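Read through the structure below, which is laid out as structure tokens, and then see the notes.
All values derive from a computational prediction rather than experimental measurement. All residue numbers in this chain count up from 1 along the given sequence.
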Amino acid sequence: MPVNVSLIPEEPERDKKESLFFQEGRESFKAEIIFCHMGVLFLQGYDYKAKYRRQIELLASCFEDGSNFDRLLQDAGYIKPWEKIYGILMPFGNIPILVSRYNHNVDEIMNGLEEQIRKENRVV
């Protein structure tokens with residue numbers, strides 16, 4: 001089931017631009033909208049109440065039928081009514097992860113992330 005995503009207004013007192021709130025049950029996180037270009041949305045996560053895997057699951061659900069994700073971004077003026085978001089790029093730790101309309105298999109993405117984390121940990 002797709003997650004319901006909501007828009008959080010800019011928070012100047014926290015030095016945050018407009019953000020998105022991803023939540024399902026008690027697990028949630030917020031992600032500041034850095035910019036959107038050519039169908040790719042660049043986010044910076046914060047206020048995590050979900051582990052990496054769950055965050056990726058929440059992002060992946062944005063590309064499932066019934067998601068309000070594209071409509072929300074259209075209504076907020078990030079994309080035109082005829083456009084869609086094709087990918088979400090967000091760093092996990094210092095590793096950028098792309099969750100896309102064409103590759104939102106959580107197991108594959110997690111395997112890639114875990115492999116990169118292992119590589120990063122070996123480099124000292």
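Scanning for side chain to side chain contact (heavy atoms under 4.5 Å, CB included) contacts around Ile117 gives Tyr52, Ile95, Leu113, Asn121, with sequence neighbours left out. Taking Asp75 as the reference, Arg71 meet the side chain to side chain contact (heavy atoms under 4.5 Å, CB included) condition, with sequence neighbours excluded. Remark: Glu18 engages Tyr78 in a side-chain hydrogen bond (donor to acceptor under 3.5 Å, both in side chains) (not counting sequence neighbours). Under the side chain to side chain contact (heavy atoms under 4.5 Å, CB included) criterion, Lys84 pairs with Asp70, Tyr86, Arg101, not counting sequence neighbours. Taking Glu27 as the reference, Arg54 meet the salt bridge (charged side-chain N to carboxylate O under 4.0 Å, His left out) condition, with sequence neighbours excluded. Residues passing the side chain to side chain contact (heavy atoms under 4.5 Å, CB included) test with Glu11 are Ile8, Glu13, Arg14, Lys16, Tyr46, sequence neighbours excluded. A search for side-chain hydrogen bond (donor to acceptor under 3.5 Å, both in side chains) contacts involving Asn111 returns nothing, not counting sequence neighbours. With sequence neighbours excluded, no residue forms a ring-ring contact (aromatic ring centres under 6.0 Å, His included) with Phe69. Here Phe29 pairs with Phe22 under the ring-ring contact (aromatic ring centres under 6.0 Å, His included) rule; sequence neighbours left out.
Residue pairs satisfying the salt bridge (Lys or Arg N to Asp or Glu O under 4.0 Å) criterion with at least one member in residues 102-115, sequence neighbours excluded, are listed as follows: Arg53-Asp107, Glu115-Lys119. Each salt bridge (Lys or Arg N to Asp or Glu O under 4.0 Å) pair with one or both residues in residues 86-97, not counting sequence neighbours, would appear here, but there are none.
Taking each heavy atom of Ala60 and His104 in turn, the nearest pair found is CB-O, 3.5 Å. Smallest separation of non-hydrogen atoms from Phe63 and Ile85: CE2-O, 3.3 Å. The nearest pair of heavy atoms linking Ile33 to Lys17 is O-CD, 3.6 Å. Across all their heavy atoms, Gln55 and Ala50 have their closest contact at NE2-O, 2.8 Å. For the pair Ser61 and Ser67, the tightest heavy-atom approach, listed with the atom from each and the gap, is O-CB, 3.7 Å.
Under the 4.5 Å side-chain heavy-atom criterion for grouping Ile, Leu, Val, Met, Phe, Trp and Tyr, Leu43 is not connected to Phe21 through any hydrophobic cluster.
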Leu20/Leu72 under side chain to side chain contact (heavy atoms under 4.5 Å, CB included): CA gap, chis, key distance, verdict: CA-CA 10 Å; Leu20 297 173; Leu72 178 76; 3.7 Å; yes
Verdict with supporting geometry, Cys62 and Val5, side chain to side chain contact (heavy atoms under 4.5 Å, CB included): CA-CA 8 Å; Cys62 293; Val5 182; 3.9 Å; yes
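A donor-acceptor contact shorter than 3.5 Å is absent between the side chain of Glu83 and the backbone of Gly39. In this structure a side-chain-to-backbone donor-acceptor pair under 3.5 Å is missing from Gln44 to Glu32. For the pair Gln23 (side chain) and Gly25 (backbone), a donor-acceptor distance under 3.5 Å is present.
Here the straight-line distance linking atom CE of Met110 with atom CG of Asn105 works out to 12.0 Å at 0.5 Å rounding. Here the CD1 atom belonging to Ile56 is positioned 6.0 Å from the CD1 atom belonging to Ile109, to the nearest 0.5 angstrom.
By the 4.5 Å heavy-atom criterion applied to side chains, Leu41 and Ile79 are not counted as neighbours. Looking only at side-chain heavy atoms (C-beta outward), Cys36 and Leu73 stay at 4.5 Å or farther from each other.
Hydrophobic cluster of Leu89: the remaining members, joined at side-chain heavy-atom separations below 4.5 Å, are Ile34, Phe35, Val40, Phe42, Leu98, listed by chain and number.
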